[in-house]
Amino acid sequence: MKHLAFLFIFVISCLPALSAEKPNIIYILLDDAGYGDIGCYGQTKFATPNIDRLASEGLKFTDHYAGSTVCAPTRCVLMTGVHTGHSFVRGNREVKPEGQAPMPGDIVTIPRLLGEVGYTTGAFGKWGLGAPGSPSDPKEHFDLFYGYNCQREAHSYYPNHLWKNDEKIELDGETYSHPLIMDETLAFVRDNKEGPFFIYLPITIPHAAMHVPEDYAKPWREKFAEFEGKIGKYAGTEFDNPAAAFAGMMTMLDEGVGELLALLKELDIDENTLVMFSSDNGPHREGGHVPDYFDSNGSLRGYKRDLTEGGIRAPMLARWPGKIAPGTVTGHVSAHWDILPTVCELAGAELPGEIDGISIAATLLGKKEQKEHEYLYWEFYEQGGKKAARWGDWKAVQTGINKNPKAPIEIYDLSKDIGEEKNLAEVRPDLVNRAKEIFTDAHEPSPNWIFADKKRKGKKK
């Protein structure tokens with residue numbers, strides 16, 4: 001009996017604690033921040049020390065990609081694990097009076113999958129995937145939602161209301177929204193410190209309008225004095241010196257990340273919490289924002305709404321003390337649609353069928369058996385219609401599809417030409433053919449998203 005008792009104690013001692021099996025997971029998503037807008041990715045005009053801690057104390061990705069080049073489809077890709085060739089939402093599409101066209105009521109999302117294995121889930125910031133009361137209202141996915149339901153409403157940082165689940169929180173139109181969103185996030189962490197919890201934090205900074213409280217703009221007005229008197233206008237709002245506003249916004253954002261990390265430490269849950277950080281697409285050029293002045297896209301070509309690297313390559317940082325080696329860098333090619341399978345693997349949740357994402361848990365944990373993508377793919381229906389793909393170091397971009405479905409395909413070697421300046425299509429017809437194969441293989445027709453040339457064909461029939 002003594003031997004059996006010893007064996008029982010030995011076996012139990014070797015089993016991991018249940019709390020350690022399911023880490024808390026926090027995913028922070030910036031709104032329109034470029035690849036070069038973070039200090040650890042090269043930003044020099046302002047500092048982001050707390051965000052940079054995620055890199056110095058964790059893992060930095062150099063070749064990570066957004067789900068799309070605008071807000072709603074990126075968020076759909078992130079939540080569902082499928083790229084824009086298969087996703088239900090492939091562009092921004094409003095409904096009146098407030099909100100965006102909803103996803104189906106039964107669509108499988110990260111919070112729903114994690115909720116099935118015991119996670120308490122919260123989202124704080126901007127949703128954009130289903131109007132209030134719709135089948136895809138955020139409260140239908142998360143235990144708690146606080147923030148902007150509608151992307152258009154989020155164009156103002158001084159809203160007259162926000163949402164807390166289905167409660168419309170009336171505001172005075174003079175209160176800056178970001179601190180409200182961060183306060184709700186911190187309260188959720190405190191309320192659920194026993195875990196496990198999942199937090200989706202799609203904050204609105206630094207999307208236009210270029211608004212920030214004067215306390216945050218003032219220190220930058222002198223540094224960026226050449227922009228004094230330049231009025232940024234967006235969605236009916238104005239701000240003098242949008243460059244100072246941008247630096248102030250990023251400073252406020254960075255402080256919020258610092259507060260979140262400090263709280264994890266205070267509650268003694270730091271080592272059981274994975275924090276990830278990314279952006280939804282490349283830098284915008286709206287409301288007087290000057291991304292070229294800040295070198296917001298780094299060495300990349302293009303901006304928001306482009307499928308060149310500047311429009312879709314995104315920062316990606318991951319910190320998990322004791323699990324992710326500090327100060328590490330990876331060139332693993334990954335994308336937002338990899339987040340769903342990653343968190344499912346780490347949380348012990350069952351994967352849905354027919355997703356495009358591949359778990360990057362092995363990369364996060366420093367293991368060698370990381371599976372690679374055959375290719376990454378994007379399609380975008382605005383600005384003439386666009387497609388893009390990356391496989392290995394090769395990148396293909398096709399524009400003007402709405403007028404010409406056989407528009408030329410550009411080919412770039414990202415290992416030598418990260419700025420996509422030298423089109424190799426004429427000398428590498430084999431790669432053009434490979435791009436055509438990918439474009440055909442990756443695209444699933446959708447009645448809701450049709451390139452204009454196919455619309456015209458439909459009218460002729």
Query raised in the report: Side chains of Ile312 and Trp378: does their closest heavy-atom pair fall under 4.5 Å?
Result: yes
Report task. Would you please test Arg75 and Asp31 for salt bridge (Lys or Arg N to Asp or Glu O under 4.0 Å) and show each step? Result -> CA-CA 11 Å; Arg75 285 158 170 72; Asp31 199 345; 3.8 Å; yes
Query raised in the report: Is it true that Arg221 and Glu214 have a side-chain N and a carboxylate O under 4.0 angstrom from each other?
Result: yes
Query raised in the report: Does Asp268 CG have over 12 foreign heavy atoms under 6.0 Å away?
Result: no
Report task. Using only heavy-atom distances, determine whether the side chains of Tyr377 and Asp441 contain a donor-acceptor pair under 3.5 Å. Result -> no
**Report entry** Polar side chain donor-acceptor pair, Tyr216 to Glu255, under 3.5 angstrom
**Finding:** yes
Query raised in the report: Considering all heavy atoms of both residues, which atom of Ile409 and which atom of Ala396 are nearest to each other, and what is their separation?
Result: CG2-CB, 4.0 Å
Query raised in the report: Does a salt bridge link Arg301 with Glu421, judged by any charged N lying under 4.0 Å from a carboxylate O?
Result: no
Report summary line: All heavy atoms of Trp449 vs all of Arg93, minimum pair found to be CZ3-NH2, 3.2 Å
Query raised in the report: Is any side-chain heavy atom of Ile181 less than 4.5 Å from a side-chain heavy atom of Tyr148?
Result: yes
Query - Axial cation check for Trp394 ring with Arg428, 6.0 Å and 45° limits - result: yes
**Report entry** Tyr41-Tyr35 aromatic ring centre distance below 6.0 Å
**Finding:** yes
Query raised in the report: Do side-chain atoms of Thr84 reach the backbone of Pro73 as a donor and acceptor pair under 3.5 angstrom?
Result: no
**Report entry** Mutual orientation of the aromatic rings belonging to Phe246 and His289 [parallel < 30°, tilted 30-60°, perpendicular > 60°]
**Finding:** tilted
Report task. Look at the side chain of Thr74 and the backbone N and O of Ser68, then say whether any donor-acceptor pair between them is shorter than 3.5 Å. Result -> yes
Requested in this report: Evaluate side-chain contact (heavy atoms from CB on, under 4.5 Å) for Phe277 paired with Ile38, printing each intermediate quantity in order.
Outcome: CA-CA 11 Å; Phe277 177 98; Ile38 310 300; 4.0 Å; yes
**Report entry** Residues Arg112, Glu140: salt bridge by 4.0 Å N-O rule
**Finding:** no
Report task. Report yes or no: is the cationic atom of Lys45 (NZ for Lys, CZ for Arg) closer than 6.0 Å to the six-membered ring centre of Tyr293, at no more than 45° off its axis? Result -> yes
Requested in this report: Can you measure from CG (Asp413) to CD1 (Ile418) and round to the nearest 0.5 angstrom?
Outcome: 11.0 Å
Query raised in the report: Taking atom CG of Leu364 and atom CH2 of Trp320, what is their separation to the nearest 0.5 Å?
Result: 8.5 Å
Query raised in the report: Could Lys265 and Glu259 be called an ion pair, given the rule that one side-chain N must be under 4.0 Å from one carboxylate O?
Result: no
**Report entry** Side chain proximity check, Phe380 to Leu307, heavy atoms < 4.5 angstrom
**Finding:** yes
Query raised in the report: Can Leu261 and Leu54 be said to form a side-chain contact (heavy atoms from CB on, under 4.5 Å), step by step?
Result: CA-CA 9 Å; Leu261 294 178; Leu54 300 176; 4.1 Å; yes
Query raised in the report: Does the pair Glu286/Arg305 count as a salt bridge with the N-to-O cut at 4.0 Å?
Result: yes
Query raised in the report: Is a side-chain donor-acceptor pair under 3.5 Å present for Asp37 with Ser296?
Result: yes
Query raised in the report: Under 3.5 Å, is there a donor-acceptor pair between the Asn24 and Thr273 side chains?
Result: yes
Query raised in the report: Is it true that Asp137 and Lys139 have a side-chain N and a carboxylate O under 4.0 angstrom from each other?
Result: no
Query raised in the report: Is the centre of the His211 ring less than 6.0 Å from the centre of the Tyr176 ring?
Result: no
Requested in this report: Apply the side chain to side chain donor-acceptor pair (under 3.5 Å) test between Tyr303 and each candidate in Asp292, Asp32, Asn281; give the one that qualifies.
Outcome: Asp292
Query - Distance in Å, Met249 CE paired with Thr204 OG1, rounded so as to fall on 0.5 Å steps - result: 7.0 Å
Requested in this report: Measure from the side-chain N and O atoms of Asn241 to the backbone N and O of Phe224, and report whether any donor-acceptor pair falls under 3.5 Å.
Outcome: yes
Query raised in the report: Can Tyr27 and Leu78 be said to form a side-chain contact (heavy atoms from CB on, under 4.5 Å), step by step?
Result: CA-CA 10 Å; Tyr27 187 90; Leu78 178 66; 3.5 Å; yes
Report task. Find the distance between CD1 (Ile411) and CG (Asn423) and round it off to the nearest 0.5 Å. Result -> 7.5 Å
Requested in this report: Provide the closest heavy-atom pair for Ala442 versus His86 in the form atom of the first, atom of the second, distance.
Outcome: O-NE2, 3.2 Å
Report summary line: For Leu201 and Met182, the nearest pair of non-hydrogen atoms, with its separation, is CD2-SD, 4.2 Å
Query raised in the report: Salt bridge check: are Glu379 and Lys386 linked by an N-O gap of less than 4.0 Å?
Result: no
Requested in this report: Output yes when a side-chain donor or acceptor of His141 lies under 3.5 Å from a complementary backbone atom of Ile107, and no otherwise.
Outcome: no
Query raised in the report: In this structure, which one of Arg390, His83, His336 forms a side chain to side chain donor-acceptor pair (under 3.5 Å) with Tyr65?
Result: Arg390
Query raised in the report: Quick one: are Ile205 and Tyr157 in side-chain contact, heavy atoms under 4.5 Å?
Result: yes
**Report entry** 4.5 Å side-chain heavy-atom contact, Tyr234 and Phe239
**Finding:** no
Requested in this report: Locate the shortest heavy-atom distance separating Ala349 from Leu114; write the atom from each residue and the value.
Outcome: CB-CD2, 4.2 Å
Query raised in the report: Do Glu184 side-chain atoms and Phe124 backbone N/O form a donor-acceptor pair below 3.5 Å?
Result: no
Query raised in the report: Between the main-chain N or O of Gly115 and the side-chain N or O of Thr121, is there a donor-acceptor pair closer than 3.5 Å?
Result: no
**Report entry** Side-chain (His373) to main-chain (Trp391) donor-acceptor, under 3.5 angstrom
**Finding:** no
Query raised in the report: Any ion pair linking Arg319 and Asp270 (charged N to carboxylate O, less than 4.0 Å)?
Result: yes
Query raised in the report: Given Gln383 and Asp306, is the side-chain contact (heavy atoms from CB on, under 4.5 Å) satisfied, shown in steps?
Result: CA-CA 9 Å; Gln383 296 185 338; Asp306 292 324; 4.3 Å; yes
**Report entry** Heavy-atom closest contact (Pro159 atom, Ser177 atom, distance)
**Finding:** CD-CB, 4.0 Å
**Report entry** Backbone N/O of Cys40 and side chain of Asp52: donor-acceptor pair under 3.5 Å
**Finding:** yes
Query raised in the report: Backbone N or O of Lys422 within a donor-acceptor pair of the Asp417 side chain at under 3.5 Å?
Result: yes
Query raised in the report: So how far is it from Asp254 CG to Arg53 CZ, rounded to the nearest 0.5 Å?
Result: 10.0 Å
Query raised in the report: Do the ring planes of Trp127 and Tyr200 sit parallel (below 30°), tilted (30 to 60°) or perpendicular (above 60°)?
Result: perpendicular
Requested in this report: Could you tell me whether the side chains of Asp63 and His332 share a donor-acceptor contact shorter than 3.5 Å?
Outcome: no
Query raised in the report: From Ser334 OG over to Met316 CE, what is the distance, rounded to the nearest 0.5 angstrom?
Result: 6.5 Å
Query raised in the report: Are any side-chain N or O atoms of Ser279 and backbone N or O atoms of Ala33, one a donor and one an acceptor, separated by less than 3.5 Å?
Result: yes
